[in-house]
*Asks:* 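What follows is a structure written as structure tokens; I'll ask about it next.
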Amino acid sequence: IFETQPLVYDIEIPEAPVPVTMDADALRRVLNNLIQNPLRHGQATRIEIRVESDEGFAELSVTDNGDGIAPQDLPHIFERLYKGDKARSEQGSGLGLSIVQQLTQKMGGVISVQSELSVRTEFRVRFPLNTQ
């Protein structure tokens with residue numbers, strides 16, 4: 001994705017492994033969706049991906065500088081088939097973020113989002129650390 005798009009990206013991951021039990025294919029799908037969405041629907045030109053661990057959790061954040069998500073849409077973006085006003089005329093099924101939330105929850109995680117129109121959108125996915 002990063003090599004085929006006119007996109008500036010910054011990826012920060014810790015050098016030491018972050019012990020989390022999860023489905024690698026599901027995580028790949030979550031990441032793919034969180035990266036593709038701002039490119040397809042938000043005209044993002046920059047994406048930052050960070051992985052951190054703190055207080056018993058691993059946190060993956062995906063931040064972009066695209067159009068953002070309108071405040072009235074934020075409470076609904078994880079609902080099945082929901083498409084924000086701007087996205088209604090665009091391609092897409094309205095399933096992507098619902099699937100992301102379902103996969104995240106099945107792996108024991110939670111997802112949240114913050115957005116400021118035309119400035120930034122940040123998705124945070126938190127998973128409990130595997131302490132065994």
Side-chain angles (χ1 to χ4, degrees):
I1 295 170
F2 297 129
E3 294 173 4
T4 61
Q5 300 288 327
L7 181 68
V8 174
Y9 61 91
D10 182 27
I11 301 172
E12 285 189 28
I13 56 175
E15 300 233 359
V18 178
V20 178
T21 302
M22 64 178 52
D23 178 329
D25 290 332
L27 180 61
R28 219 175 274 112
R29 189 161 181 193
V30 166
L31 263 174
N32 186 55
N33 188 286
L34 293 178
I35 293 167
Q36 291 280 1
N37 265 2
L39 299 176
R40 288 186 185 150
H41 305 294
Q43 287 67 54
T45 59
R46 179 175 179 80
I47 292 184
E48 298 174 5
I49 300 171
R50 303 220 182 315
V51 175
E52 302 171 320
S53 59
D54 188 29
E55 299 180 16
F57 288 91
E59 184 171 275
L60 164 71
S61 65
V62 178
T63 306
D64 71 79
N65 70 339
D67 296 340
I69 302 166
Q72 67 270 19
D73 292 328
L74 278 173
H76 306 286
I77 63 167
F78 296 114
E79 294 173 10
R80 237 174 111 71
L81 303 177
Y82 184 81
K83 294 167 84 173
D85 286 336
K86 182 179 176 213
R88 289 184 202 278
S89 62
E90 296 179 12
Q91 292 181 349
S93 62
L95 292 173
L97 290 174
S98 174
I99 291 169
V100 164
Q101 183 182 48
Q102 289 173 12
L103 290 172
T104 298
Q105 289 173 342
K106 284 183 181 179
M107 292 186 287
V110 295
I111 186 167
S112 62
V113 62
Q114 295 180 334
S115 187
E116 186 176 346
L117 287 176
S118 301
V119 177
R120 69 191 293 268
T121 299
E122 180 180 36
F123 284 89
R124 290 181 178 218
V125 184
R126 290 177 52 95
F127 296 102
L129 288 174
N130 185 353
T131 56
Q132 297 179 0

*Asks:* Do Val20 and Phe57 have side-chain heavy atoms sitting under 4.5 Å apart?
*Replies:*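 No - every pair of side-chain heavy atoms lies 4.5 Å or more apart.
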*Asks:* Does any part of the side chain of Phe127, heavy atoms only, come nearer than 4.5 Å to the side chain of Val18, both counted from C-beta?
*Replies:* no
*Asks:* Are more than 12 heavy atoms from other residues, nucleotides or ligands located less than 6.0 Å from atom CD of Gln114?
*Replies:* no
*Asks:* Just to verify, what does Thr21 make a side chain to side chain donor-acceptor pair (under 3.5 Å) with, not counting sequence neighbours?
*Replies:* Asn130
*Asks:* Within the 4.5 Å heavy-atom criterion, are Ile77 and Phe123 side-chain neighbours or not?
*Replies:*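 Yes. Closest side-chain heavy atoms under 4.5 Å.
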*Asks:* Please round to the nearest 0.5 Å and tell me the distance separating atom CZ of Arg28 and atom CE of Met22.
*Replies:*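 These two atoms lie 11.5 Å from each other.
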*Asks:* Are Ile13 and Met107 connected into the same hydrophobic cluster when the rule is that any two of I, L, V, M, F, W, Y join if their side-chain heavy atoms are below 4.5 Å apart?
*Replies:* yes
*Asks:* Where is the tightest heavy-atom contact between Ala70 and Leu117, given as atom of each residue plus distance?
*Replies:*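 Of all heavy-atom pairs spanning Ala70 and Leu117, the closest is N-CD2, 3.6 Å.
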*Asks:* side-chain contact (heavy atoms from CB on, under 4.5 Å) with Ile49: which of Leu34, Thr63, Ile35?
*Replies:*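 Only match with Ile49 under side-chain contact (heavy atoms from CB on, under 4.5 Å): Ile35.
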*Asks:* Kindly write out the residues that satisfy salt bridge (Lys or Arg N to Asp or Glu O under 4.0 Å) with Asp10, not counting sequence neighbours, or none if the list is empty.
*Replies:* Arg50
*Asks:* How many angstroms lie between CZ in Arg29 and OG1 in Thr104, if you round to the nearest 0.5 Å?
*Replies:*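 Between atom CZ of Arg29 and atom OG1 of Thr104 there are 11.5 Å.
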*Asks:* Which atom pair, heavy atoms only, marks the closest approach of Gly108 to Pro128?
*Replies:* O-CD, 3.2 Å
*Asks:* Just jot down the salt bridge (Lys or Arg N to Asp or Glu O under 4.0 Å) partners of Glu59, sequence neighbours excluded, or say none.
*Replies:* Arg124, Arg126
*Asks:* Among Thr121, Leu7, Ile47, find the one that has a side-chain contact (heavy atoms from CB on, under 4.5 Å) with Pro38.
*Replies:*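 In the set Thr121, Leu7, Ile47, the residue that makes a side-chain contact (heavy atoms from CB on, under 4.5 Å) with Pro38 is Ile47.
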*Asks:* Starting at OG of Ser53, measure out to CG of Leu60 and round the result to the nearest 0.5 Å.
*Replies:*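 That separation rounds to 12.5 Å.
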*Asks:* Quick one: closest heavy-atom pair of Asn33 and Gly96, and the distance?
*Replies:* ND2-CA, 3.2 Å
*Asks:* Are Leu39 and Val119 linked, directly or through other ILVMFWY residues, by side chains that come within less than 4.5 angstrom of each other?
*Replies:* no
*Asks:* Indicate yes or no: at least one non-hydrogen side-chain atom of Val125 is less than 4.5 angstrom from one of Leu31.
*Replies:*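 They are not in contact (no side-chain heavy atoms under 4.5 Å apart), so the answer is no.
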*Asks:* Rounded to the nearest 0.5 Å, how far does OG of Ser118 lie from CG of Asp67?
*Replies:* 6.0 Å
*Asks:* In this structure, which one of Val100, Val30, Leu97 forms a side-chain contact (heavy atoms from CB on, under 4.5 Å) with Ile111?
*Replies:* Val100
